[in-house]
> 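Here it is, the structure, as structure tokens.
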Amino acid sequence: MFPKIDKSETFSQREVAIGEFWKQHAVYEKTLAARADAPPFVFYEGPPTANGMPHPGHCLTRAIKDLFPRYRTMRGFRCERKAGWDTHGLPVEVEVCKELGIHSKEEIEAFGVEPFIQKCQQSVWRYIQQWQQLTERIGFWVDLPNAYVTYHQSYVESVWWSLKNLFDRGLLYQGHKIVWWWAQGGTALSAGEVGQGYREVSDPSVYVKFPLLNDDGNVTDTSLLVWTTTPWTLPSNQFAAVHPDIEYATVVDQENEGQLIVAKDLVEVLAAKLKRELKIVATCPGSEIVGKRYSPPFHTYYSEAKNTQGTLESGKKQYVAWKVVAANFVTTESGTGVVHQAPAFGEVDYEVLIAEQAKYDSGGGPTLINCVGPDGKFTDEGPDYCRGRWVKECDKDIIRDLKERGLLYLREQIVHDYPFCWRADEDPLIQYPRESWFIRTTQFKDQMLANNAKINWQPDHIQDGRFGKFLESNVDWALSRERYWGTPLPIWVCEKTGKMEAVGSYDELLAKPGATGQEVWAAAKQKNPELPDDLRIHKPYIDAVTYDSPFAAGAQMRRVPEVIDCWYDAGAMPFAQWGYTGQEAGTESEQFQSQFPADFISEALDQTRGWFYSQLAISTLLFGEDRGSRSEERNNQTRPSSLTPRSSFPHPFRNCIVLGLMLGEDGQKMSKSKRNYRAPDEIFDHYGADALRWYFFANQPPWTSIRYSEQAIKDSIPEFLLRLWNVYSFFTIYANIDSFDPSAEFASAGGSKKENGLDFSNADSFRPRAERSELDRWILSELHTTSAAVIERMDEYDNFAACQAILGFVDALSNWYVRRSRDRFWASDKRSPEKLDAYWTLYECLLTTTRLVAPFVPFLAEHLWQNLAVTIFGDRVPESVHLCDYPECDAAATDETLSAQMNLVREISSLGRNARTSVQLKVRQPLAKVEVVLADDTHQSWLESHATLIAEELNVKAVEFAADARQYIDYSIVPNFKRLGPKLGKNMPKLKKLLGEADGGQLLADLKSAGEVVLDVEGNPVTLDAEDIEVRLQAKEGWTAAEGKGVVVVLATELTKELVAEGLARDLVRVIQDVRKDKDCAFTDRIEVGVVTELAELKNSVEMFNDYLAKETLAEKFSFGPINNVEAINVQIGEAQVELFVQVIS
RNA sequence: GGGCGCGUAGCUCAGUUGGUUAGAGCGCAGCCCUGAUAAGGCUGAGGUCCCAAGUUCGAGUCUUGGCGCGCCCA
């Protein structure tokens, strides 16, 4: 017996039970054990942070991350799934600061770095329970107990190893980075923080003259006209930038001495501001001004260095600063088209400096100048009236100074957005250079691009689009952070010589000669034994460890203060998750090598510049190109010998699904305060994890950004889950009634077990496909076709199309196969071969579908598997559906022709019902005849042999196929554009017109008899065969008909007495069945029926169709009149009111 | 300001290499069927495929420009 379905149980409750079952039986572990020797399918878990609550967007990533590993496991791969947690970084510090009610670095220092770090470590696990619960509840199978954690010592050391590798290869260097700097607080702000603080303010907008120099270095009477809104940056000016392709004009201003150079397009704008004419005396492209020297507005540095020259690669000498440079970022949207460059105070400006420096031989180029201190006040290098003053306060005095010296050309105020500190909103931020560590990623740009080119991105436009473009504009990775909670940068500096070296592990550090300072950790641990040992490799403990300098006798090596960008942590996970440290042998090495690169990763779009990039960059820098490729030799010089590339491109991942972002119900970003989404737990309780998963997988391709829609999640229940459930329910109800027990059918064979799934061929009542009915063969064909389609799509990481295929099959199974097979399930002979065929067929369909949907809706699938297979076959089948192999397509079972034919029947049925609707003829009312008109007669003879089927579906007495149906139908002929288009070209519209005007019926008849027709298109004979045209049918007015693409169905609507009587009988069956249901009759209960009616036709009908009525309603006896002690039930049959008496007699 | 993506029915979204009747689900309305009942089926209304120009015999699909939205970066 199949277990009876408990209708009071919700999907959600069943899922929780299934989750328990998996846990108790260690099913996930068993799926791995079962594939111990299988080829690996490698999945990387992009580590989430557990210091925030998970929301529905996280459900999406976790669902997709689960789908493909489950699928691949069933397909015969071993898919280890190590969980991971991202634990470092500013967000954690911010959380802790909030908790402590502090903000600035000073406050953190005052609180104490040591307790602060300890709090950070605790904070990262704040919502770990919620995350673990979510992970389990959504059915994301991943190895949580052995998760990698980015603050763990083994992880940090693995990161250290990689950084040491880069350092030793000269790829890790110190430079300047222009950051948004909060001068009053002494700290840099992250992009997100800066974004929060933008505010509209009024700032000075000044136009300043930079007089050009002639070849002798003397000032001329022509000046560049430069615009700036930050006068305080002018003392640190180093260049003036122009766009090489923009046209520049030399203009004369009547009221001013000398000539000015401005972008030609801006002359008029400027003149309008001045309210006077500017006369253009010459024009030239920007490229002609490039290289000219000028006199900057302040001469502090200039007077020292104006004649400094550097040596170019070509050997030529050139002045290094205070000259015009070319830059593509210059526009003519505002200003003058000549842009003041102060590299110390602008990221773009700084890039110009770097680009200039790169042109010169070793260090001979311009150096950064900066007359402002980190406190935002001018240093002694600034103008004397500014020294020691906050830069913004000096604007006025600087402007006055310029005016006095005749360099100020125009001054106005401008209102624009400017960032302020988000926690001290009176403090404007300034861009400021800070010492920073960089990874020389730019050197590997081509390799990264080559690597990217081989990755299979879904959607593919990421490759050359967002990600590719990002790689194209690669800049060196600014690695260091002046913060506390992060992987410490493993570089120790000699206090005397400033020489540095990288350290690869804690042991290596302690083994250094004279290593000391580890007792700081020991003391902390003694004081608080609860401290996790992993903290010893963090600030402040690690900073205490020093050792003897190998560079200078008596000097100590001290660690640099910085920690690193936590994106580096995440990007290092392919090796750091195993604690890999470059060793050729050992467990870590084996684990790493067998799990690199990944076959599949998936995260949301916001990871493009995050995890996707950090992984690719680190991997490309460390593991380079394909072994044995030509460029391998080139890189050998820099790569330490211990590092051999172990994989061909692409690495570190081969396939990547980039998920769209999930928005809240209102289309806005999900936000706790707006409450525009529901907590995942509630979704699971209301609708279940399968409903949520199916909604993600089947509603849209995964990369579309989706709006969270409660209704859509809810809808996936009736649209799919319930439909499948109903088929299952139908099957078990009747299988139990008929005592169809598949395992008992093996009585003579002594049981059967096939390693992969079930083999029924030995079952006594099991007949080979060929002996079964066409309907059975059809649904099995659909089943196998579906398997093939699902596998094909899933191998392409296309879950959306795979779901469509599954959905189509379940619809066919439920709405055609089961419906068309009801008679067989209801037949009284329990052992008739036809009935048993129906059971075997439906059973196979259900078992296969169960396995097919297992990766998508693992809970429902497991439930079905347990009740359909395990309760029946016990340990002769896998104990979980997830231990099964994925169903494959048996080509012998597919039958394309049959599929097309059945589709045609389904279409004809649908059209027939359509036609009935149009004249309000209920399907219950039999009709005499249906005429089917086909545009294409390929399947006509088959349909003729299936007339009974159509007759049953449409409740008609006869089905006819009209050969020439010109009485009902207008034929119109349309050319097959795809076929004829290339041949006919411009003549297409003419042919279309010709065919449209022709007598379609005649043309078709001619074509049928001759095989082809010749038409004259503007004097050119065109020969058309059957495939060159498309026949369209249209029912003529006055007929009850419906038309499809290539078929028209015409109904005969005249009703004879017999037909009416039969209709009434069917109506009577319907109402009696309703009564039976009301009375809670068992399916087998016999009844007696009394009918009281004035309607003669009904009496007549009962007499005519007595046998039919008795059979359908299990009525032993029909009488006209009331039954004693039975209450009358009033019903309507046709137009008449009828009193019905129904008594159960057994 | 730059890059990328998106814009198709009331809503959520499909739409193959360009091929002439643009689809699905939901919602709404009407009807039907029911011994699967937490069901199921059919039909209908609803579309200038954001706009404009171009390429083409033919454009929802390709090109260019514009408008709107989103994300990332400045």
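Proteins get letters first, then strands, A, B, ... in listed order; numbering begins at 1 in each.
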> Return whichever of Gln925(A) or Gln431(A) has its heavy-atom-nearest nucleotide of RNA chain B closer to the 5' end.
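Result of the comparison: Gln925(A).
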> If you define the side chain from C-beta out and look only at heavy atoms, does anything of Leu724(A) sit under 4.5 Å from Val857(A)?
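No, their side chains stay 4.5 Å or more apart.
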> Taking only side-chain N and O atoms of Asn815(A), does any of them lie within less than 4.0 angstrom of OP1 or OP2 on G40(B)?
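So the side chain of Asn815(A) is outside the cut-off, no N or O lying under 4.0 Å from OP1 or OP2 of G40(B).
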> Roughly how many Å is it from CG in Leu722(A) to P in A39(B), rounded to a whole number?
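Distance, rounded to whole Å: 7 Å.
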> For Asn987(A) and Val727(A), take the nucleotide of RNA chain B holding the closest heavy atom to each; which residue's nucleotide lies nearer the 5' end?
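Closest to the 5' end, via its nearest nucleotide, is Val727(A).
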> Measuring to OP1 and OP2 of C73(B), would you say a side-chain N or O of Ser473(A) lies under 4.0 angstrom away?
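Checking Ser473(A) against C73(B): no side-chain N or O falls below 4.0 Å of OP1 or OP2.
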> Out of the candidates Phe697(A), Trp694(A), Tyr695(A), only one should pair with Phe720(A) under the ring-ring contact (aromatic ring centres under 6.0 Å, His included) rule; please name it.
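When Phe697(A), Trp694(A), Tyr695(A) are each tested with Phe720(A), the ring-ring contact (aromatic ring centres under 6.0 Å, His included) holds only for Trp694(A).
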> Quickly work out the Phe612(A) CZ to C72(B) P distance and round it to whole Å.
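Taking CZ of Phe612(A) and P of C72(B), I get 14 Å after rounding.
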> May I have the distance from Trp826(A) (atom CH2) to A36(B) (atom C1'), rounded to whole angstrom?
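Value for this atom pair: 9 Å.
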> Can you tell me how far C1' in G30(B) sits from the matching atom in C67(B), rounded to whole Å?
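G30(B) and C67(B) have their C1' atoms separated by 40 Å.
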> Now, which nucleotide makes the Watson-Crick or G-U wobble pair with A14(B), with each of the two distances under 3.5 Å?
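With both distances under 3.5 Å required, A14(B) matches none.
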> Kindly write out the residues that satisfy side-chain hydrogen bond (donor to acceptor under 3.5 Å, both in side chains) with Asn699(A), not counting sequence neighbours, or none if the list is empty.
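Result, side-chain hydrogen bond (donor to acceptor under 3.5 Å, both in side chains) vs Asn699(A): none returned.
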> Provide the distance between the two C1' atoms, one in G68(B) and one in C49(B), to the nearest whole Å.
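It comes out at 16 Å once rounded to the nearest Å.
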> Just to be sure I understand the rule, does Lys990(A) reach a base, reach only the sugar-phosphate, or reach nothing, if contact means heavy atoms closer than 4.0 Å?
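Nothing: the residue Lys990(A), judged by heavy atoms under 4.0 Å, touches no strand.
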> Sequence neighbours left out, what passes salt bridge (charged side-chain N to carboxylate O under 4.0 Å, His left out) with Arg819(A)? Give chain and number order.
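Applying salt bridge (charged side-chain N to carboxylate O under 4.0 Å, His left out) to Arg819(A) gives Glu953(A).
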> Go through the structure and list residues passing salt bridge (charged side-chain N to carboxylate O under 4.0 Å, His left out) with Arg466(A), not counting sequence neighbours.
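For Arg466(A), no residue satisfies salt bridge (charged side-chain N to carboxylate O under 4.0 Å, His left out) once neighbours in sequence are set aside.
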> How long is the gap from CZ on Phe856(A) to CG on Asp690(A), to the nearest 0.5 Å?
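Separation between the atoms: 12.0 Å.
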> Reckon Arg979(A) touches a base, only the sugar-phosphate, or nothing at all at heavy-atom distances under 4.0 Å?
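Nothing, no heavy atom under 4.0 Å.
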> Under 3.5 Å for both donor-acceptor distances, Watson-Crick or wobble: does A29(B) have a partner, and if so which one?
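A29(B) is paired with U43(B).
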> Taking only N/O atoms, report every protein-nucleotides 12-14 of chain B pair under 3.5 Å with atom names and distance.
residue : atom : partner   : partner atom : Å
C13(B)  : O2'  : Asn699(A) : O            : 3.2

> Using the test side-chain hydrogen bond (donor to acceptor under 3.5 Å, both in side chains), find all partners of Glu952(A) that sit at least two apart in sequence or belong to another chain.
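Residues passing side-chain hydrogen bond (donor to acceptor under 3.5 Å, both in side chains) with Glu952(A): Arg820(A).
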> Could you check how far CD1 of Ile717(A) sits from P of A36(B), rounded to whole Å?
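It works out to 22 Å between those atoms.
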> In this structure, how many angstroms lie between the P atom of C4(B) and the CG atom of Asp460(A), rounded?
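So the two atoms are 15 Å apart, to the nearest Å.
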> Name the closest nucleotide to the Pro989(A) side chain, picking from A36(B), C4(B), C57(B).
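That would be C57(B).
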> Could you tell me which residues satisfy side-chain hydrogen bond (donor to acceptor under 3.5 Å, both in side chains) with Tyr687(A), sequence neighbours excluded, listed by chain and number?
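Listed in chain order: Glu710(A).
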> Partners of Trp611(A) by side-chain hydrogen bond (donor to acceptor under 3.5 Å, both in side chains), sequence neighbours excluded?
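Scan of Trp611(A) (side-chain hydrogen bond (donor to acceptor under 3.5 Å, both in side chains), adjacent residues dropped) gives none.
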> Spell out yes or no: do the side chain of Arg466(A) and the base of C71(B) have one donor N/O and one acceptor N/O closer than 3.5 Å?
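Present.
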> Considering only heavy atoms and no angle criterion, is a donor-acceptor pair shorter than 3.5 Å present between the side chain of Ser814(A) and the base of A36(B)?
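Yes.
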> How long is the line joining CG of Leu721(A) and P of A39(B), in whole Å?
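From Leu721(A) CG to A39(B) P: 14 Å.
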> Does Pro459(A) have any side-chain contact (heavy atoms from CB on, under 4.5 Å) partners at least two apart in sequence or in another chain, and if so, which?
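For Pro459(A), the residues satisfying side-chain contact (heavy atoms from CB on, under 4.5 Å) (neighbours in sequence not counted) are His461(A), Ile462(A), Val658(A), Trp703(A).
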> Can you check the Asn726(A) CG to U34(B) P distance for me, whole Å?
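Rounding to the nearest Å, CG of Asn726(A) and P of U34(B) are 17 Å apart.
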> Could you list all N or O pairs between the protein and nucleotides 60-65 of chain B that sit under 3.5 Å apart?
none

> Considering only heavy atoms from C-beta outward, does the side chain of Phe730(A) approach that of Arg822(A) to under 4.5 Å?
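Yes. Closest side-chain heavy atoms under 4.5 Å.
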> What about Lys978(A), does its side chain sit under 3.5 Å from the base of U17(B) through a donor-acceptor pair?
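Looking at the base of U17(B), it does pair with a donor or acceptor on the side chain of Lys978(A) (distance under 3.5 Å).
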> Would you indicate whether Lys993(A), at its atom NZ, is surrounded by more than 12 heavy atoms from other residues, nucleotides or ligands within a distance under 6.0 Å?
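Atom NZ in Lys993(A) is not crowded, with 12 or fewer foreign heavy atoms closer than 6.0 Å.
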> Rounded to whole angstroms, how far apart are CG on Asn474(A) and P on C73(B)?
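Result: 15 Å.
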> Under 3.5 Å, which N/O atoms of the protein pair with N/O atoms of nucleotides 26-29 of chain B?
residue : atom : partner   : partner atom : Å
C26(B)  : O2'  : Asp715(A) : OD2          : 3.2

> Using the salt bridge (charged side-chain N to carboxylate O under 4.0 Å, His left out) criterion, which residues pair with Asp798(A)? Sequence neighbours excluded.
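Residues passing salt bridge (charged side-chain N to carboxylate O under 4.0 Å, His left out) with Asp798(A): Arg793(A).
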> Using a heavy-atom cut-off of under 4.0 Å over every strand shown, decide if Glu9(A) touches base, sugar-phosphate, or nothing.
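Since a base atom lies under 4.0 Å of Glu9(A), the category is base.
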> Which nucleotide, A36(B), C72(B), A38(B), lies nearest any side-chain atom of Arg609(A)?
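When the side chain of Arg609(A) is considered, C72(B) is the closest of A36(B), C72(B), A38(B).
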> Look at all strands and tell whether Arg820(A) reaches a base, only sugar-phosphate, or nothing, counting heavy atoms closer than 4.0 Å.
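No contact.
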> Using the salt bridge (charged side-chain N to carboxylate O under 4.0 Å, His left out) criterion, which residues pair with Asp565(A)? Sequence neighbours excluded.
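For Asp565(A) the salt bridge (charged side-chain N to carboxylate O under 4.0 Å, His left out) partners, ignoring immediate neighbours, are Arg481(A).
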